[in-house]
2 protein chains.
Amino acid sequence: MKSAETRENILDAADRLFYRQGYENTSFADIADEVRISRGNFYYHFKSKDEILDAVIEARLSDTRDMLRQWEADSDDPADRIRSFIRIVIVNGADIERFGCPVGTLNAELAKLDHGAKDNAVALFGLFRSWLTEQFVALGRTEDADDLAMHVLAFSQGVASLSNAFRDPAFVEREVDRMCRWLDGILAPTG
Amino acid sequence: MKSAETRENILDAADRLFYRQGYENTSFADIADEVRISRGNFYYHFKSKDEILDAVIEARLSDTRDMLRQWEADSDDPADRIRSFIRIVIVNGADIERFGCPVGTLNAELAKLDHGAKDNAVALFGLFRSWLTEQFVALGRTEDADDLAMHVLAFSQGVASLSNAFRDPAFVEREVDRMCRWLDGILAPTG
DNA sequence: TCAGAAATAGGACAAATATCCTAGATCAAA
DNA sequence: TTTGATCTAGGATATTTGTCCTATTTCTGA
């Protein structure tokens with residue numbers, strides 16, 4: 001069945017273009033050109049632009065789950081896992097400099113468009129949020145685990161936003177270091 | 001001369017709509033409807049959409065300078081001034097929940113559009129950055145004043161992004177408190 | 001091999017949009 | 001009051017975009 005492959009190609013191109021150009025600013029023609037497919041074929045696989053967006057978000061959710069699982073596999077230490085998250089802004093530094101955080105910028109755009117898929121995009125944030133919360137719970141911070149998770153999320157969004165604006169890798173590294181020190185402080189409180 | 005007034009009205013409407021709907025997603029018709037003016041009249045005052053964007057950013061730069069001056073007038077204490085900045089996310093909380101940070105979201109959108117006005121938008125960030133830097137210098141942190149300024153900026157961007165996603169005022173307050181405690185730590189180091 | 005289903009191509013179309021153009025209205029100064 | 005500049009309205013246009021439709025090609029199972 002060739003269908004699944006074409007669908008996958010469309011999805012990949014849409015994912016990439018939505019990230020780089022934004023959802024609204026990406027046309028069917030853009031995607032079709034990238035996949036080297038006709039608009040007609042396009043509509044055979046996706047009935048509307050909204051449907052592609054839903055599928056793209058679904059794919060990102062799935063990819064994110066895989067990444068989180070990978071981080072879990074990489075280390076049993078919740079602190080290490082959290083550090084894996086903190087370092088995303090370095091690992092994906094080049095893309096973030098050019099296009100911002102894929103989660104944050106999609107969410108911001110959909111909020112402005114008042115688009116129905118915004119909740120799905122928020123679910124992407126939710127994935128990181130609940131995963132980070134789990135790690136903090138595992139570290140014994142049962143009561144404020146969610147607050148700490150949100151703090152770490154906020155860090156990554158702030159760094160991504162300014163990285164996209166000023167394009168200064170040194171700033172990103174400094175903030176990552178600072179965040180890691182903060183995490184160390186969480187682990188071994190001085191009080 | 002009625003001209004200046006009409007131009008001002010167009011600018012106000014464009015500013016508001018660009019913030020709420022995004023630049024790309026706001027059409028001339030949208031602005032014209034809001035101002036109750038014809039498209040023709042429109043083009044008498046602005047030759048292109050890009051020209052309006054430039055003017056909007058210019059206006060925001062001017063408004064921001066006024067706000068910073070006001071904060072300077074409100075207190076001679078640099079720490080108080082920095083706290084004024086930190087509290088923006090609460091003062092403008094309602095708008096940020098719905099539309100995100102006007103600076104950050106515009107910047108993100110223009111980066112994706114690869115729009116020439118992106119540098120102007122970054123200048124908006126730059127205004128806050130240099131102002132915050134000045135305050136930290138006044139606090140005696142000459143060496144790392146800019147780093148600290150960027151850290152405070154990153155805070156506001158992170159909080160704005162997540163506020164826009166999750167719409168939780170309690171989170172915003174917690175992060176503001178945390179940031180103020182961090183600032184206190186800067187002022188009176190324990191070491 | 002062959003019929004029916006699946007997949008693809010590309011033209012057609014209506015709506016939206018940025019921009020242009022021209023005619024009419026308004027206003028300030030002589 | 002008249003004249004010329006300024007301002008405004010709205011139609012015209014070319015382009016883009018999302019969507020639909022039909023014809024053709026490719027694949028699959030009997």
Side-chain angles (χ1 to χ4, degrees), chain A residues 1-58 106 109-110 112-118 120-121, chain B residues 1-58 106 109-110 112-118 120-121:
Chain A
M1 216 170 284
K2 196 85 184 310
S3 175
E5 191 186 332
T6 302
R7 196 191 142 93
E8 200 63 28
N9 288 340
I10 294 175
L11 220 50
D12 282 352
D15 192 349
R16 187 170 47 250
L17 289 173
F18 287 173
Y19 176 39
R20 300 189 170 199
Q21 311 184 350
Y23 171 69
E24 182 78 6
N25 192 45
T26 299
S27 72
F28 273 32
D30 289 339
I31 304 175
D33 282 357
E34 186 109 343
V35 189
R36 297 181 178 286
I37 233 173
S38 66
R39 293 186 313 289
N41 188 3
F42 207 106
Y43 268 80
Y44 178 79
H45 295 278
F46 295 96
K47 282 194 289 292
S48 71
K49 198 179 174 185
D50 287 353
E51 200 172 289
I52 300 181
L53 179 59
D54 285 342
V56 164
I57 294 177
E58 202 55 57
L106 177 63
E109 182 179 3
L110 295 183
K112 282 188 202 285
L113 294 178
D114 207 15
H115 195 288
K118 196 234 176 191
N120 301 4
Chain B
M1 219 169 280
K2 196 83 184 312
S3 175
E5 190 185 333
T6 302
R7 195 191 143 92
E8 199 63 29
N9 289 339
I10 293 175
L11 221 51
D12 283 353
D15 191 351
R16 188 169 46 250
L17 289 173
F18 287 173
Y19 176 37
R20 300 190 170 199
Q21 311 185 350
Y23 170 68
E24 182 78 7
N25 191 45
T26 298
S27 71
F28 274 31
D30 288 340
I31 304 175
D33 282 358
E34 186 109 343
V35 189
R36 297 181 177 287
I37 232 173
S38 66
R39 293 185 313 290
N41 188 2
F42 208 104
Y43 268 80
Y44 178 78
H45 295 278
F46 296 94
K47 281 194 287 294
S48 71
K49 200 180 172 185
D50 287 353
E51 200 172 289
I52 300 180
L53 178 59
D54 285 342
V56 164
I57 294 177
E58 202 54 58
L106 177 64
E109 182 178 4
L110 295 183
K112 282 186 202 288
L113 295 179
D114 207 16
H115 195 289
K118 196 236 175 191
N120 301 3

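Residue numbers begin at 1 in each chain, while the letters A, B, ... track the order of the sequences.
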Item to check | Mutual orientation of the aromatic rings belonging to A:Phe28 and A:Tyr43 [parallel < 30°, tilted 30-60°, perpendicular > 60°] | outcome: tilted
Checklist outcome for this item: Taken to the nearest whole Å, CG/B:Asn25 to P/C:dA16 is 13 Å
Item to check | Length of the OH-P vector between A:Tyr44 and D:dC21, whole Å | outcome: 16 Å
Checklist outcome for this item: To the nearest angstrom, the CD-C1' distance between A:Glu51 and D:dT19 comes to 13 Å
Next on the checklist: Can you tell me which nucleotide in C:dT8, D:dT8, C:dT19 comes closest to the side chain of B:Thr6?
Outcome noted: D:dT8
Checklist entry - Taking the side chain of B:Asn41 as its heavy atoms from C-beta onward, which of C:dG11, D:dT8, C:dA9 lies nearest to it? => result D:dT8
Checklist entry - More than 12 foreign heavy atoms under 6.0 Å from CG of A:Asp114: is that the case here? => result no
Item to check | Side chain of B:Tyr43 (C-beta onward), nearest among D:dT19, C:dT19, C:dT8 | outcome: C:dT19
Checklist entry - Is A:Arg16 paired with A:Glu34 through a side-chain N to carboxylate O contact shorter than 4.0 Å? => result yes
Item to check | For atom CG of A:Leu53 and atom P of D:dG18, their distance in whole Å | outcome: 13 Å
Checklist outcome for this item: Of the listed D:dT8, C:dT19, C:dA7, the closest approach to the B:Ser48 side chain comes from C:dT19
Item to check | Nucleotide D:dG18, atom C1' - distance to NZ of A:Lys47 in whole Å | outcome: 15 Å
Next on the checklist: Please pick, from D:dG10, D:dC7, C:dA6, the nucleotide with the shortest atom-to-atom distance to any side-chain atom of B:Ser38.
Outcome noted: D:dG10
